[in-house]
Undergrad: 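Input: one structure, supplied below.
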Amino acid sequence: FLLVCSVVSSFVVTPSFGGSSTTTSSSSSSTPFFSRRRWGMNYFRAASSSSSIIDDSTSVVSTTTTTKEPPSWDELLSSLLLLQEQHKEEEVEEEPLVTLYRDTNGWCPFCERVWLALRVKGIPYRERLINLQDKPEWFTELVPTALVPALLIHNSNTNSTNNERRILWESQDILKALDEEFPDTPQLLLNDNDNNAHYYDAAMKLNDELQSAGFKYIYGNKNQTTTTERQQNRHDFLTKLDQLNAALEQNPPGSFRLGTNTVTAMDCVMIPTLERWRYQLPLTEGLDILENRPFLRKWLDVMDSYPPYADRVRGDAYSWTAATSTFLRLFASNDDQPETTTTLQEKIERADAATNKLTESFGDAVVAAVAVDPVFAREAATKLITNHDAVVADCTTTSRRAEGEEPNVVKSQTQLPRASDTEAADFVLRHVASLLLLHNDDDDDTKSIILAAAQSGPLPITKQHAAAASEAARTVAARLCVPRDMSAPAAAIFRTVLTIVANRYSDTSKQQQ
């Protein structure tokens, strides 16, 4: 994993949970469906020395430990494929109508605009992830600017009269084309005939001014600006934030940017940058954009509860905080100005402290995780099972790699301790995957089963010291990056289960000493 923040759209790319660079997604309203058949109960029953590990009627889980190993990756994959096959009629896989080319890390704000728009419109799309530091030749030949986002509209698949296969770039042009090519989907760009057209123009003007003031304040301050200039830049930025808050105050409660109950392009354009500022500026500039701006906070709350955004596109507080720490280190390593370097070091320490605090809170997320739909637990399991080799390699150091294996080069978060034992990492992740796949016909009961099994179900005892398993689980939790590796809801329950299991192995380790 690599957690890294972008300056506009410049990224560092590393392996991720995603595996293949090509994925397909259906409409925004459809979520990945996994079988609701009971799975994994036999493992938990057989693993226990108790006669009743998980009772079908009460879902009570005992606190036993066992020497039985968790299922192998092949067994986990076979079970997952079987569940999907049994319910394939319930899954709707629509033919992709477009291909979205976006950055591998999922951090580009302009890519996020288009990504969100596709989900809002419910347009089936295929994704091709582009390594921006090593762009494939075919991409540079396909897209004249060689930049992301880019969108390929497939021929004969749209409702428009244009039957040509087209490649588009620049996020604003893509948003416009999506409205034109798919007129039966929600229209995001308002035209002169819309009642809210004048609000749209005014809102876009204010957003442009806010973006300009924000980038001038954040990045202009890194140049040789005077104290007076820096103070003026900050004042101008805060003024535009206040104007946005005042504009949002005029809207009905629970509405989107233009006061409507539906998303428009304004929301798609605004949210990527405001999401970043929300988490990063308190760390880098000591500035909370939500302080004394209750209506901006309410708008963000509305977006955070909007499924096309919340269920896949948005990042989370931990990922943005850890990304900030990583990116600041990139600045520091290339900065030879003593005063600036000192300031950067203070910011790095602040970001690291915030990252560590959030990491320590993973185990406190149990109550929140109960509210997560079990479909997201299965999303996390699928990502882990289908990319387990990369995950194990990423979370371990070179010190105990098997002879002949390629060395595991740590490219980011070098300050984060890695797991010390590959075999223990593989062992504990198989156990975690089996937990995430537990489910019942009753979704509410499924949530209880997963967490109960993680907290007090049978705990496999590895041949290695239990501390190594605990270390591996914590490393994966800290390396998990949203939205690159999976959705925020999936990451929430994944980190929770990892932390619960890590704590249990840690307790076992202490008992062994």
Side-chain angles (χ1 to χ4, degrees), residues 4-12 107-110 112-113 132 147 170-172 201-249 257 266 269-297 299-300 315 317 320-355:
V4 64
C5 158
S6 69
V7 174
V8 185
S9 59
S10 176
F11 304 91
V12 180
W107 293 122
C108 171
F110 305 108
E112 186 174 327
R113 295 176 178 182
L132 298 187
L147 300 175
E170 300 294 341
S171 60
Q172 284 293 104
D201 292 339
M204 185 62 74
K205 180 176 182 294
L206 175 56
N207 184 70
D208 290 343
E209 293 171 349
L210 174 61
Q211 299 281 328
S212 177
F215 282 111
K216 185 176 181 180
Y217 167 60
I218 298 165
Y219 301 115
N221 287 349
K222 301 186 190 312
N223 302 325
Q224 297 293 337
T225 53
T226 66
T227 300
T228 301
E229 289 172 330
R230 289 195 292 271
Q231 290 175 345
Q232 185 62 49
N233 289 344
R234 183 182 179 96
H235 175 269
D236 293 344
F237 180 44
L238 295 177
T239 297
K240 291 303 175 182
L241 284 171
D242 289 338
Q243 290 177 7
L244 174 59
N245 184 69
L248 292 169
E249 184 178 5
R257 172 61 180 93
M266 273 311 312
V269 168
M270 287 171 54
I271 190 60
T273 306
L274 288 168
E275 174 188 359
R276 287 151 177 75
W277 288 347
R278 175 188 194 177
Y279 295 116
Q280 291 184 316
L281 293 190
L283 303 172
T284 61
E285 306 297 334
L287 190 157
D288 181 359
I289 66 169
L290 302 183
E291 185 177 0
N292 298 322
R293 298 182 184 91
F295 300 100
L296 176 55
R297 183 185 296 274
W299 175 78
L300 283 168
W320 276 120
T321 303
T324 302
S325 173
T326 297
F327 197 61
L328 286 171
R329 281 178 164 79
L330 295 179
F331 271 126
S333 64
N334 296 319
D335 203 317
D336 57 2
Q337 300 177 32
E339 294 139 343
T340 306
T341 301
T342 300
T343 302
L344 279 173
Q345 186 57 42
E346 292 173 351
K347 294 177 180 180
I348 289 171
E349 292 173 359
R350 186 187 309 156
D352 284 349
T355 300

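Keep in mind that what you see is a predicted model, and the values were worked out from it rather than measured.
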Undergrad: Can you name the nearest heavy-atom pair linking Q172 to M204, along with the distance?
TA: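 Distance-wise, the nearest heavy atoms are NE2-CE, 4.1 Å.
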
Undergrad: Measure the shortest side-chain to side-chain distance between L147 and F110 over non-hydrogen atoms and say whether it is less than 4.5 angstrom.
TA: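 The answer is no; the side chains never approach within 4.5 Å.
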
Undergrad: Whether the side chain of T324 engages the backbone of W320 through a donor-acceptor N/O pair (distance < 3.5 Å, no angle test) should be reported.
TA: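 Answer holds: yes.
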
Undergrad: Identify the heavy atoms of S171 and R113 that sit nearest to each other, and give their distance.
TA: OG-NH1, 3.3 Å

Undergrad: Is there side-chain contact between K205 and E209, with heavy atoms separated by less than 4.5 Å?
TA: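 Yes, side chains in contact.
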
Undergrad: So T273 and N207, do their side chains get closer than 4.5 Å, heavy atoms only?
TA: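 No - every pair of side-chain heavy atoms lies 4.5 Å or more apart.
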
Undergrad: Test T326 against R329 for side chain to side chain contact (heavy atoms under 4.5 Å, CB included), laying out the working first.
TA: CA-CA 5 Å; T326 297; R329 281 178 164 79; 5.8 Å; no

Undergrad: If you look at every heavy atom in A203 and M266, which pair is closest and at what distance?
TA: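 Between these two residues, the closest heavy atoms are O-CE, 3.7 Å.
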
Undergrad: If every non-hydrogen atom of K347 is compared with every non-hydrogen atom of T284, which pair is closest and at what distance?
TA: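 Nearest heavy atoms, K347 then T284: CE-O, 2.7 Å.
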
Undergrad: I need the L244 CG to M270 CE distance, nearest 0.5 Å.
TA: 4.5 Å

Undergrad: Counting distance only, does the side-chain N/O of R234 pair as donor-acceptor with the main-chain N or O of Q232 below 3.5 Å?
TA: no

Undergrad: Can a donor-acceptor pair be found, under 3.5 Å and without considering hydrogens, that links the side chain of E275 to the backbone of G315?
TA: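 Checking the backbone N and O of G315 against the side chain of E275, a donor-acceptor pair under 3.5 Å is found.
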
Undergrad: Aromatic rings F215 and W277: how do their planes relate, parallel, tilted or perpendicular, breaks at 30° and 60°?
TA: perpendicular

Undergrad: Can you see which heavy atom on L300 is nearest to which on I271, and at what distance?
TA: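 Of all heavy-atom pairs spanning L300 and I271, the closest is CD2-CD1, 3.6 Å.
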
Undergrad: Indicate whether the side chain of E229 and that of N233 have a donor and an acceptor atom separated by less than 3.5 Å.
TA: no

Undergrad: What residues form a side chain to side chain donor-acceptor pair (under 3.5 Å) with T227, not counting sequence neighbours?
TA: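 Scan of T227 (side chain to side chain donor-acceptor pair (under 3.5 Å), adjacent residues dropped) gives R230.
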
Undergrad: With a 3.5 Å distance limit and no angle check, can you tell me whether D288 reaches the backbone of P282 through a side-chain donor-acceptor pair?
TA: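 Side chain of D288 to backbone of P282, a donor-acceptor pair under 3.5 Å: no, none is there.
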
Undergrad: Ignoring hydrogens, what is the shortest heavy-atom contact between R276 and C108? Give both atom names and the distance.
TA: NH2-C, 3.7 Å

